[in-house]
Amino acid sequence: MIEQILTDKVTEAVKTLYQLEATPSQIQLQNTRKEFEGDITLVVFPFTKVSRKSPEATAAEVGEFLLAQMREVESFNVIKGFLNLSIKKGYWLSFLSENYKGEKFGFTDADGSQPVVVEYSSPNTNKPLHLGHIRNNLLGFSLSRILQSAGKNVVKVNLVNDRGIHICKSMLAWERWGNGETPESIGLKGDHLVGKYYVVFDKHFKEEISILVAEGMNPEEASKKAPLIIEAQQILQKWEAGDDEVINLWKMMNGWVYDGFAKTYQTLGIEFDKTYYESQTYLLGKKLVEEGVQKGVYTRRADGSVWIDLTADGMDEKLLLRSDGTSVYMTQDLGTAMQRYEEYKPEQLIYVVGNEQEYHFNVLKVVLKHLGCAWSNSIYHLSYGMVELPEGKMKSREGTVVDADDLMQEMFDTSEAMARELGKIEAFDNEEAKNLYRTIGLGALKYFILKVDPKKNMLFNPADSVDFNGNTGPFIQYTYARIKSVLRKAAEAGYGVSFSETDSVELLSQEKELLRKIHDFPGIVSQAAELHSPAVIANYAFDLASEYNRFYHELTILKEENMASRTLRLSLSQFTAKVIANALWLLGIEVPERM
RNA sequence: GGCCUCGUAGCUCAGUGGAUAGAGCAGCAGCCUUCUAAGCUGCGGGUCAAAGGUUCGAAUCCUUUCGGGGUCACCA
């Protein structure tokens, strides 16, 4: 790419002219703003100290050097400290003719280094997935594809939290009030069925508490003494002891949940390379804690609990093992982190987890470091903000959660209604139409969520999310479909798409704008990978689609009579379609051939 | 209260050291005898929360203040 060559030449220029060994951060290249002439701009302010000349004079000197030394540079102009370079038409045309098929344009093959492990989703098995999980899943899946496309070897893992008091609550409620209901018998998705009994438990539990409080007990004590919670705890103890009856019930109900999750993941288009279950890993951390005690980095108190003192690291004292010897959240994460390190020796260990757990991951890193694990630095917490609704935070207890399955269905229904309204359905048979509604509905949902910077809290306004106009997924999908339509018609007319740089042709400003935007894509992918941010890709995809729409409306393609120009525009169109498809693929968004 | 984080147009968001801060939505006015109108064009809309500092240059970095959110469990 031209940026790399320019960087090298600018380095050479300032060395020759001013005896300066420039660092990469001093060489600031950017696309020239539309209102100025040129393609690429060098900011020369950083060199004025060593040049001892005005910004204008410095820019002119560097410009002369580049013009003399680089065959790609056509001309330059200087405005204040900005050196605007015009790149020769030949560079753009050969870039187009070499890449317009674009199959893997912007994507880098795996470099053979150690893998990057990305953990995401990590659901509890007591309730169905909701909007918060959707953000998690979309971020994790998209990030995995972005890293993979930037040349990393990626392993996508899921850690299912399948044990603990929460699932025991659902089990108890189902046993007592379930009447033997199964997903088949009442036609309810398994995860929803189990979630239903979690709510049933909570209802009866609250009743018991209010009775106890009415009898004079204080609320906090009541929530610990209510018969239901005590019973649930007994079930948990039986589970840990391996009681057959409890284990069988647990297996059956978790099985229902897994079936339900599998369906949701499939509809959402999310997958994993490997799924871990906490029931199989929750004991791993204890051994590590014992090791720490023996090394003297953790301390065991008189009551038997184990602690680490992190006040020297600016944090608190942290519990690592309960006085009864059972493990806490941190113990488990220590264990699974170590397991994953030993299994993959990853270059980076990424956790896609909400920002309310930032402190937890800071502690995790430090605790591992104290154990002598230098690799704890390779842990990266992709900490995303929460999804808020117009009426405020989602609260499962108040029933304000947005269910993942319901939401997706609503998106499908809306896209169908929209298509009907626009009179689009005549062109499709039933099967095709149904797939299209899904593609577009999901495209809208995914784009809506992924376009926002992961680390920021975001507002999910249902009315906005089903909007298919403007800065939305369907807008980008539509641009793609329209290009495909043009290409189909071109093929019918027997027009060639394959552009050769030797063709004598003008390069109009609209054509060059589009080409420059496409040219940026590989840089955008590596930037997204560095920042761990699908939003970078999403915003780029919208920019590119907008640029194409402008191009499309300002220039004719099929009606263009100059064959070379027509071919140029067709190959540009094909290139754009491919880059849009590649960008949307990184977001996990499918692209329709027609819509 | 300590620590973390966010504050950009009426709303949702880009921009994170460079040129006159950008989009979409909403509002208004145009463009379908069509290479797909889920589109395009135009108009209006800003004390980048406030103040100070660093810099040739600050929405972006630093300090303070104000406001929102998170977190500081023998929960996960």
Side-chain angles (χ1 to χ4, degrees), chain A residues 25 28 30 32-33 35-36 41 43 45-46 48-49 54-55 79-82 84 122 124 161 164-166 278 301 303-307 314-316 318-324 326-330 332-333 354-360 362-363 383 385-386 388 390 393 415 418-419 421-422 424 427 440 444 448 451-453 455-461 463-465 467-479 481-490 493 495 531 535-536 538-540 542-543 545-546 549-550 552-560 566 569-570 573 594-595:
Chain A
S25 67
Q28 296 176 37
Q30 53 192 259
T32 304
R33 296 176 67 119
E35 57 266 36
F36 302 108
T41 294
V43 184
F45 288 109
T48 53
K49 264 198 183 114
S54 69
I79 295 170
K80 294 193 279 180
F82 299 92
N84 300 322
S122 308
N124 290 346
N161 184 5
I165 192 71
H166 49 80
E278 205 185 281
R301 290 188 181 166
D303 64 2
S305 58
V306 176
W307 296 75
M315 290 175 254
D316 305 321
K318 192 78 194 169
L319 177 83
L320 297 177
L321 211 57
R322 292 196 188 96
S323 49
D324 64 4
T326 58
S327 54
V328 289
Y329 183 39
M330 184 60 67
Q332 295 161 28
D333 261 7
N355 63 8
E356 72 272 13
Q357 292 193 31
E358 242 157 49
Y359 183 69
H360 170 77
N362 287 337
V363 172
S383 164
M386 39 186 39
E388 282 156 17
K393 266 190 77 171
S415 82
M418 206 64 196
E421 199 178 307
L422 293 168
K424 298 252 179 192
I440 293 171
F448 187 82
K451 75 174 175 184
V452 180
D453 183 348
K455 64 176 192 288
K456 289 188 178 174
N457 286 359
M458 65 171 289
L459 182 75
F460 187 88
N461 185 336
D464 291 347
S465 73
D467 199 345
F468 295 171
N469 300 317
N471 188 355
T472 65
F475 166 86
I476 303 168
Q477 291 172 316
Y478 174 73
T479 305
R482 192 158 61 179
I483 296 174
K484 291 307 248 191
S485 166
V486 170
L487 293 173
R488 274 193 301 271
K489 294 213 163 130
Y495 292 158
L531 298 175
V536 173
N539 287 303
Y540 169 81
F542 175 70
D543 272 359
S546 300
N549 277 308
R550 236 166 284 140
Y552 177 90
H553 280 273
E554 287 173 22
L555 300 175
T556 56
I557 301 173
L558 297 173
K559 288 181 198 153
E560 172 61 41
R566 190 178 64 218
R569 288 173 202 169
L570 280 171
S573 296
R594 302 194 296 153
M595 72 180 267

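Proteins come first, then strands; the chains are lettered A, B, ... in the order of their sequence lines, and each starts at number 1. These numbers were taken from a predicted model, which means no experiment stands behind them.
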So which protein nitrogen or oxygen atoms get under 3.5 Å of nucleotides 73-76 of chain B's nitrogens or oxygens?
{"from": "B:C74", "atom 1": "O3'", "to": "A:Arg322", "atom 2": "NE", "distance (Å)": "3.4"}
{"from": "B:C74", "atom 1": "O2", "to": "A:Ser323", "atom 2": "N", "distance (Å)": "3.3"}
{"from": "B:C74", "atom 1": "O2", "to": "A:Ser323", "atom 2": "OG", "distance (Å)": "3.2"}
{"from": "B:C74", "atom 1": "N3", "to": "A:Ser323", "atom 2": "OG", "distance (Å)": "3.0"}
{"from": "B:C74", "atom 1": "N4", "to": "A:Asp303", "atom 2": "OD2", "distance (Å)": "2.2"}
{"from": "B:C75", "atom 1": "OP2", "to": "A:Arg322", "atom 2": "NE", "distance (Å)": "2.6"}
{"from": "B:C75", "atom 1": "OP2", "to": "A:Arg322", "atom 2": "NH2", "distance (Å)": "2.5"}
{"from": "B:A76", "atom 1": "OP1", "to": "A:Arg322", "atom 2": "NH2", "distance (Å)": "2.9"}
{"from": "B:A76", "atom 1": "OP2", "to": "A:Tyr329", "atom 2": "N", "distance (Å)": "3.3"}
{"from": "B:A76", "atom 1": "O3'", "to": "A:Asn161", "atom 2": "ND2", "distance (Å)": "3.1"}
{"from": "B:A76", "atom 1": "O2'", "to": "A:Asn161", "atom 2": "ND2", "distance (Å)": "3.1"}

B:G45 and B:C25: how far apart are their C1' atoms, nearest whole angstrom?
13 Å

Sequence-distant partners of A:Arg550, salt bridge (Lys or Arg N to Asp or Glu O under 4.0 Å), two or more places apart:
A:Glu547

Residue mapping more 5' on RNA chain B - nearest nucleotide basis, A:Lys451 or A:Ala545
A:Lys451

How long is the gap from NZ on A:Lys318 to CE on A:Met330, to the nearest 0.5 Å?
5.0 Å

Could I get the full list of side-chain hydrogen bond (donor to acceptor under 3.5 Å, both in side chains) partners for A:Ser485, not counting sequence neighbours?
none

Hey, can you pull the donor-acceptor pairs under 3.5 Å for the side chains in residues 467-476 of chain A, sequence neighbours left out?
{"from": "A:Asp467", "atom 1": "OD1", "to": "A:Asn469", "atom 2": "N", "distance (Å)": "3.1"}
{"from": "A:Asn471", "atom 1": "OD1", "to": "A:Tyr447", "atom 2": "OH", "distance (Å)": "2.6"}
{"from": "A:Thr472", "atom 1": "OG1", "to": "A:Phe468", "atom 2": "O", "distance (Å)": "3.4"}
{"from": "A:Thr472", "atom 1": "OG1", "to": "A:Phe475", "atom 2": "N", "distance (Å)": "3.3"}

Partner set under salt bridge (Lys or Arg N to Asp or Glu O under 4.0 Å) for A:Glu421, not counting sequence neighbours:
none

Taking protein heavy atoms under 4.0 Å as touching, what does nucleotides 29-37 of chain B look like 5' to 3' if B marks base contact, S marks sugar-phosphate-only contact and - marks none?
------BBS

Dot-bracket summary - RNA chain B, pairs being Watson-Crick or G-U whose distances fall under 3.5 Å, with | when paired to another strand
((((((((.[[[[.)..(...]]]].(((((.......))))).....[[[[[..)....]]]]])))))))....

For A:Tyr329, check ring pair (Phe, Tyr, Trp, His ring centres under 6.0 Å) against everything at least two apart and list the hits.
A:His360

Checking A:Tyr495 now: which residues fulfil ring pair (Phe, Tyr, Trp, His ring centres under 6.0 Å) with it, not counting sequence neighbours?
none

Under the side-chain hydrogen bond (donor to acceptor under 3.5 Å, both in side chains) rule, collect the residues that match up with A:Glu356, sequence neighbours excluded.
none

Is any side-chain heavy atom of A:Phe82 closer than 4.5 Å to one of A:Val43?
yes

Reading RNA chain B from 5' onward, which residue's closest nucleotide shows up sooner: A:Asp543 or A:Val452?
A:Val452

Which atoms of nucleotides 18-21 of chain B (N or O only) lie under 3.5 Å from a protein N or O atom, and what are those distances?
{"from": "B:G18", "atom 1": "N7", "to": "A:Gln28", "atom 2": "OE1", "distance (Å)": "2.9"}
{"from": "B:A19", "atom 1": "OP2", "to": "A:Arg33", "atom 2": "NH1", "distance (Å)": "3.1"}
{"from": "B:A19", "atom 1": "N6", "to": "A:Thr41", "atom 2": "OG1", "distance (Å)": "3.0"}
{"from": "B:A19", "atom 1": "N6", "to": "A:Asn84", "atom 2": "OD1", "distance (Å)": "3.3"}
{"from": "B:A19", "atom 1": "N1", "to": "A:Asn84", "atom 2": "OD1", "distance (Å)": "3.4"}

Tabulate protein N/O versus nucleotide N/O from nucleotides 5-10 of chain B, keeping only pairs under 3.5 Å, one per line.
{"from": "B:G7", "atom 1": "OP1", "to": "A:Lys456", "atom 2": "NZ", "distance (Å)": "3.3"}

